[in-house]
Amino acid sequence: MSRRLSVAVVGLGIGRNHLQAYQALPDHYRIAAVCDLDSAKLTAAKVEFGAGAGLTDYAELLAMPDVDVIDICTPPSTHRLLIERALAAGRHVICEKPLTGSLADLDAIAAAAKTARGTLSPIFQYRYGNGLQKLKLLQEKGLCGKAYLATIETSWRRDADYYEVPWRGKWATELGGCCLTQAIHAHDILSYVNGPVRSVFARAATRVNPVEVEDCAAVSIEMADGSLATLAVTLGAAEELSRIRFMFEHLTVESRSTHPYRIGDDPWHFKGKTADIDRKIAAALAEFVPSEESFVGQFVRIHAALTDGKPLPVTLDDARASLELITAIYHSAEAGVAVNLPIAADHPKYANWMPAGRRWR
Ligand SMILES: NC(=O)c1ccc[n+]([C@@H]2O[C@H](COP(=O)([O-])OP(=O)(O)OC[C@H]3O[C@@H](n4cnc5c(N)ncnc54)[C@H](O)[C@@H]3O)[C@@H](O)[C@H]2O)c1
């Protein structure tokens with residue numbers, strides 16, 4: 001077994017789920033510290049997760065000599081600065097989505113990461129569901145053929161209580177709405193499976209809650225390989241559901257996990273166009289070895305990268321693809337035009353994807 005890494009988790013909302021995952025991997029990680037501005041959350045987490053230290057001061061955390069990994073789970077608008085400081089302190093960094101609030105910020109931290117001693121790992125834990133990993137195996141084996149169409153639905157529910165947390169619902173602090181905060185995972189899966197996006201036309205609306213950011217969106221996409229995709233997002237569903245369907249030349253794939261927040265997990269359904277393709281799918285899936293899922297799945301893979309020289313499971317290019325799609329969705333919804341990718345530094349929304357006046361058209 002390779003080296004155990006000591007980790008500190010900063011931000012104790014979803015950070016508590018990260019801590020549970022580290023706790024489930026005692027041979028891989030030791031929880032060295034927890035950090036939050038809220039001392040009640042800090043005390044509770046320190047005790048519950050047996051953390052070595054509980055700190056409100058990030059600078060003090062960075063000065064701890066025995067921390068290998070800083071895991072940032074604070075609100076989106078704080079990410080860039082906390083990442084830069086942790087990289088400058090020579091630490092490996094893990095950071096929640098969205099990694100930054102603009103492509104300009106992302107390119108700046110990517111440049112910092114290039115010369116840093118530590119690595120930077122964006123979180124996309126939905127990738128590590130075994131259902132989705134089965135599809136990746138079928139793709140690797142060349143069984144899917146040409147991609148035709150993907151349909152991705154994120155129908156979740158957020159009520160007034162969700163927006164009682166002050167940073168949510170506002171452009172300045174949440175940096176976006178349902179496309180950035182909730183559906184970002186399912187949309188990442190589109191790029192993960194069908195490759196880069198070429199063009200986006202989006203409509204966005206705020207209909208469910210009295211917030212600044214969008215809570216409904218309908219997006220039409222052309223991928224670089226010529227296949228098409230639709231993204232449908234709402235935070236106003238009575239019954240929560242996430243669903244992905246991929247139609248390929250040789251088979252159709254559908255996520256059938258009933259848990260809205262575990263879309264990549266089994267069961268996924270694979271249906272070939274002929275009995276022969278069905279036999280090949282069954283033979284390929286017989287070789288599939290299930291692995292850890294969700295945060296545990298991503299942290300096991302990060303550990304392998306940091307200790308055994310394996311590639312990082314999610315890269316800064318993956319985070320950039322995700323934020324390029326976000327930039328394109330917001331620009332298209334604001335301007336009413338199709339937006340082509342890639343988005344470079346001369347694009348008008350490169351430094352700030354927020355719609356003018358913080359409103360859709
Ligand atoms: N991957 C996922 O499935 C997932 C799920 C939920 C949230 N998130 C992301 O995680 C991040 C946090 O979201 P949340 O819902 O947990 O928020 P939250 O408000 O519930 O928790 C954030 C915590 O960070 C603390 N904090 C803020 N600034 C800090 C600082 N400078 N130093 C130390 N602590 C600080 C706050 O006191 C708070 O306790 C967001 O980027 C969000 O999009 C990801």
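In each ligand, atom 1 is the first atom listed, and ligand 1 is the first ligand listed.
With hydrogens left out, the protein atom closest to atom 9 (C) of ligand 1 is Lys97 O, 3.6 Å, a heavy atom. Annotation: atom 27 (C) of ligand 1 to nearest protein heavy atom, Pro75 CD, 3.4 Å. The single protein non-hydrogen atom nearest to atom 40 (C) of ligand 1 is Thr74 O, 3.6 Å, given as residue, atom name and distance. Asp36 OD1, 3.4 Å is the protein heavy atom nearest to atom 36 (C) of ligand 1. Taking atom 15 (O) of ligand 1 as the reference point, the nearest protein heavy-atom neighbour is Arg168 NH2, 2.8 Å. For atom 3 (O) of ligand 1, the nearest protein heavy atom (residue, atom name, distance) is Gln125 NE2, 2.9 Å. Closest protein heavy atom to atom 44 (C) of ligand 1: Glu96 OE1, 3.0 Å. Summary of contacts: the protein heavy atom closest to atom 18 (P) of ligand 1 is Trp167 NE1, 3.8 Å.
Counting heavy atoms closer than 4.0 Å to ligand 1, residue His185 contributes side-chain atoms (C-beta onward) but none from N, CA, C or O. The proximity of Asn17 to ligand 1, defined as any non-hydrogen pair under 4.0 Å, does not occur for either the backbone or the side chain. Contact annotation for Tyr58 and ligand 1: no heavy atom of the residue comes within less than 4.0 Å of the ligand.
Without hydrogens or angle criteria, His303 side chain to Arg4 main chain gives no donor-acceptor distance under 3.5 Å.
A continuous path of Ile, Leu, Val, Met, Phe, Trp and Tyr side chains, each step under 4.5 Å between heavy atoms, connects Val296 with Ile302, placing both in one hydrophobic cluster.
Of the N and O atoms on the side chains of Ser191 and Asp188, not one donor lies less than 3.5 Å from an acceptor on the other residue.
Residue Asp38 places no N or O, backbone or side chain, under 3.5 Å from any N or O of ligand 1. Among the atoms of Thr78, none of the N or O lies under 3.5 angstrom from an N or O of ligand 1. At under 3.5 Å, not a single nitrogen or oxygen of Thr181, backbone or side chain, sits near a nitrogen or oxygen of ligand 1.
The distance between the ring centers of Tyr162 and Trp156 does not fall below 6.0 angstrom. Here His250 and Phe248 keep their ring centres 6.0 angstrom or further from each other.
When Leu37, Ile123, Ile14, Leu12 are ranked by how near their heavy atoms come to atom 10 (O) of ligand 1, first place goes to Ile14.
In the vicinity of Lys41, heavy-atom distances shorter than 4.0 Å reach the ligand 1 atoms 38 (C), 39 (O). Of all the atoms in ligand 1, the ones that sit under 4.0 Å from a non-hydrogen atom of Val165 are 19 (O). Taking every non-hydrogen atom of Cys73 and a distance limit under 4.0 Å, the qualifying atoms of ligand 1 come out as 11 (C), 12 (C), 22 (C). Interface of Pro76 with ligand 1, defined as ligand atoms under 4.0 Å from a residue heavy atom, comprises 40 (C), 41 (O). Counting the atoms of ligand 1 from 1 in the order shown, those under 4.0 Å from a heavy atom of His79 are 41 (O).
Residues Leu175 and Met354 have side chains in contact (heavy-atom distance under 4.5 Å, counting atoms from C-beta outward). Inter-residue side-chain proximity for Val208 and Cys216 is flagged as met; some heavy-atom pair is nearer than 4.5 Å. Residues Leu82 and Tyr58 are in side-chain contact: their nearest non-hydrogen atoms beyond the backbone lie under 4.5 Å apart.
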Carefully, step by step, assess Ser199 and Asn340 under the rule side-chain hydrogen bond (donor to acceptor under 3.5 Å, both in side chains).
-> CA-CA 4 Å; Ser199 177; Asn340 292 331; 3.3 Å; yes
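Ligand 1 lies less than 4.0 angstrom from a heavy atom belonging to Phe295.
Among Asp27, Asp308, Asp68, the single residue meeting the salt bridge (charged side-chain N to carboxylate O under 4.0 Å, His left out) criterion with Arg3 is Asp68.
Distance SG/Cys73 to NE2/His79: 7.5 Å, rounded to 0.5 Å. One finds the CG atom of Leu306 at 4.5 Å from the OG1 atom of Thr119 (value rounded to the nearest 0.5 Å).
Aromatic ring orientation, His185 versus Tyr126: parallel (interplanar angle below 30°, classes split at 30° and 60°).
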